[in-house]
Amino acid sequence: MRDLKVSFATRQGVVRAVDGLSFDVGPKEVLGIVGESGSGKSVAMYSILGLVRDANVEISGSVKFQGREILGLSDKEMQSVRGGEVGMIFQDPMTALTPVYTVGWQLVEQLRAHNDMTKQEARERARELLAEVGIPDPKSRLHHYPHEFSGGMRQRVVIAMALSCNPKLLIADEPTTALDVTTQAQILDLMERLQERHGSSIVIITHDMGVIAEIADRVIVMYAGRPAEIGPELDVVRSPRHPYTWGLLGAVPRADVKNRRLVTIPGNAVSPLAVPEGCAFAARCPHKMAICDERPPLRGAHQHLDACWLTDEQRLAIRSVATTRGES
Amino acid sequence: MSDDVLLRATDIVKSYSSRTKNLGQRTPNRAVNGVSLDIRRGETLGIVGESGCGKSTLARCIVQLLPVTSGSVQFNGVELTGLSRRQLRPHRRQMQLVFQDPYASLNPRRTVGDIVGDPMRINRVASHDDINDRVRDLFVTVGLDPNSLRRYPHEFSGGQRQRIGIARSLSLNPSLVVADEPVSALDVSVQAQVLNLMADLQERFNLTYLFIAHDLGVVRHVSDRVGVMYLGEIVELGDAEALYDTPLHPYTEALLSVVPELNDTDAPRRERILISGDVPDPSDRPSGCSFHPRCPVATEICTTQKPEFVELRPGRMVACHHPRNLDAAPLTVPPPTPPVA
């Protein structure tokens, strides 16, 4: 993906939901996109699949999937990509499934839309898929409607659907947000195992740094539609470079370590109508400088990039003060 | 009842009957199944559990928003169950609620100043002018601009609305604040602001909190003591640090093991204990220990005999036939919550 920009014209002005996002996803790689509500993480992924259809939307940039430009494909061309080579897992499994058909019907429909299969073959494959995602008694479960499944089981059905055409790339938008921790662990475990077996790449969108740390190889931290920091997961979590990432990591109450005062980021997320020309985070940043009125470039070394004007020496000084104060 | 106990709940049961199963036959559905706990003055008691475990129902029973089916709730030594609405009023003033959804819990057609002042008007505790002054003070206290009293809830962000909800809960100087998932609808950076605010207010006004949440990190962060709920029962209750470090109940242990960790240090990750299946339907409660069908260490006895809720280590209550980590759990009493001045 290169320099993706998505903006919506609204009565109040132009909303720049995604403002210059570039990244690559390697084969078999798990890329995490993390950000708070309104950071543009979901819109970015939806727009590349042609799922953002709004008369007032403007999308620019380039998205190449296996070397082929997919931005701006016709609906018909897109249909073979979406659900076929690229699978999607949505946040809310109840709305991702049709309540009026059985899950078997929905799986068979999906399979036959993308493959040359008889009904019988599709039905057999649907049963295999349900078994693969760990649904007990898959044969009879095919005849059940989505409301007869629990939240975790429903998400398994959605994953089965996403996997049905052996996608090369799986896009998962907050796949575990609606689930309890024990169920979340089951689903993350399942996604890891399936990824190993099928060798697909995954882009996982979430607001939870913990989920990123559990599953992702690389992470993009987004703020106000722009990438604040990109890097290998361990580097970003252990030596974050952008002040927004510092705040984001320090604000998480932890179950695994002892209490301390939470780091807060002052103020509220910037209004998407009024993202400043310069650094989007400057207004809430405790380390704002004069130069922050200019937009910082995304730069860095060893695959670990960030968009911040602070020098390495300044960051080191700020971080050591924070450490002595007991903030991490 | 000793003086440092603000509220004592004994064997609370809340049961609903549902007719959906077995056509026409009423099956009792025990959302809360015999919960006993003490809330000590000045402490934060956290209740954690997955969705449907009955933690919100428990909170509502404790503040008498829902009538209990059986059991007793004593507040400041006074039995609350069975009191009429009028008799409850003076006690209700002392117990206030902060709700989960800051969008649904504020009346969209009233100004936020009115919303915060309403409890004082309803309870006729002060004159009109005094109420206005107090509302302004409360806005400053929770970090809101006192010049925004005339605005409506939709003009505020989620975090600000939760501050309004907190200001409202403080308006009658309560001794107990029951917060039901107060931060789960907020983004992490805003969540941290609200949690820090609640901690400051507790110190300033000697508040006692009953804090209900599903997020184990949040609960550890705010709580002095923690109760873990499963299927309408408290399976483990104890000092927060001890409970998180050496969970005694296998459910607590599994729950803690699956919380995503940031792995920002070289410390090895807790080994994940995946518990299979889903939480059973409370109308079809398993025999013996409710957790036995999903428990990794369950044996014969667990299927037949319900474990007693007993103090296995000082200050650590647990209901399990095969408690975990007993060797690691400290034998000394944890330092008590600092007494309230």
Side-chain angles (χ1 to χ4, degrees), chain A residues 34-39 134 136 149-153 176 178-186 188-190 206-215 233-234 236-240 244 247-269 271 284 328, chain B residues 48-53 156-160 183 185-197 199-200 213-224 240-241 244-245 251 254-267 269-270 272-279 281 294:
Chain A
V34 68
E36 298 184 274
S37 4
S39 60
F149 290 79
S150 69
M153 285 296 154
T176 58
L179 307 173
D180 280 317
V181 268
T182 55
T183 319
Q184 164 170 293
Q186 293 170 3
L188 288 179
D189 184 66
L190 173 70
T206 175
H207 67 280
D208 186 340
M209 264 315 229
V211 170
I212 295 277
E214 293 279 326
I215 193 168
E233 176 264 315
L234 268 185
V236 173
V237 171
R238 294 198 186 181
S239 44
Y244 176 62
L248 207 55
L249 288 169
V252 183
R254 307 276 295 267
D256 54 338
V257 288
K258 208 175 151 51
N259 287 4
R260 54 178 163 61
R261 181 117 182 135
L262 297 175
V263 179
T264 56
I265 304 174
N268 291 298
S271 157
R284 300 174 75 191
S328 65
Chain B
V48 69
E50 300 185 272
S51 40
C53 72
F156 294 85
S157 68
Q160 287 171 323
V183 294
L186 307 176
D187 272 324
V188 271
S189 68
V190 182
Q191 167 178 300
Q193 294 171 6
V194 173
L195 290 177
N196 283 345
L197 171 70
D200 293 340
H214 70 280
D215 185 316
L216 288 140
V218 169
V219 168
R220 176 177 195 164
H221 181 77
V222 300
S223 305
D224 300 304
E241 290 310 314
Y244 274 77
D245 288 338
Y251 176 62
L255 205 56
L256 288 173
S257 80
V258 295
V259 178
E261 289 178 8
L262 282 181
N263 69 24
D264 50 355
T265 60
D266 288 323
R269 201 207 178 291
R270 263 187 229 247
R272 265 199 255 180
I273 306 165
L274 284 183
I275 41 181
S276 53
D278 292 309
V279 181
D281 186 341
R294 303 177 73 198

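Letters A, B, ... are given to chains in the order of the sequence lines, protein chains preceding strands, and every chain is numbered from 1.
When all heavy atoms of B/E50 and A/T183 are compared, the pair lying nearest together is OE2-N, 4.4 Å. Among all heavy-atom pairs drawn from A/E214 and B/V259, the shortest one is OE2-O, 4.1 Å. Nearest heavy atom pair, residue A/A213 against residue B/E261, reads CB-O, 3.2 Å. Contact record, B/P260 with A/Q184: CG-NE2, 3.0 Å, taken as the closest heavy-atom pair. Closest heavy-atom contact between B/S189 and A/E36: OG-OE2, 2.8 Å.
With chain A as the partner, the residue from B/L262, B/V188, B/V258, B/L216 showing the most heavy-atom pairs under 4.5 Å is B/L262. Note: A/Q186 leads A/H207, A/M153, A/Q186, A/M209 in heavy-atom pairs under 4.5 Å with chain B. Options A/I265, A/V181, A/L179, A/T182 differ in how many heavy-atom pairs under 4.5 Å they form with chain B, and the most are formed by A/T182.
A distance of 6.0 Å separates CG in B/N196 from OG1 in A/T264, rounded to the nearest 0.5 Å.
The side-chain heavy atoms of A/P253 and B/L195, taken from C-beta on, include a pair separated by under 4.5 Å.
Within the 4.5 angstrom heavy-atom criterion, only backbone atoms of B/S276 (N, CA, C, O) approach chain A. Heavy atoms closer than 4.5 Å to chain B are found nowhere in A/I215, neither backbone nor side chain. With a 4.5 Å cut-off on non-hydrogen atoms, B/S157 touches chain A through its side chain but not through its backbone.
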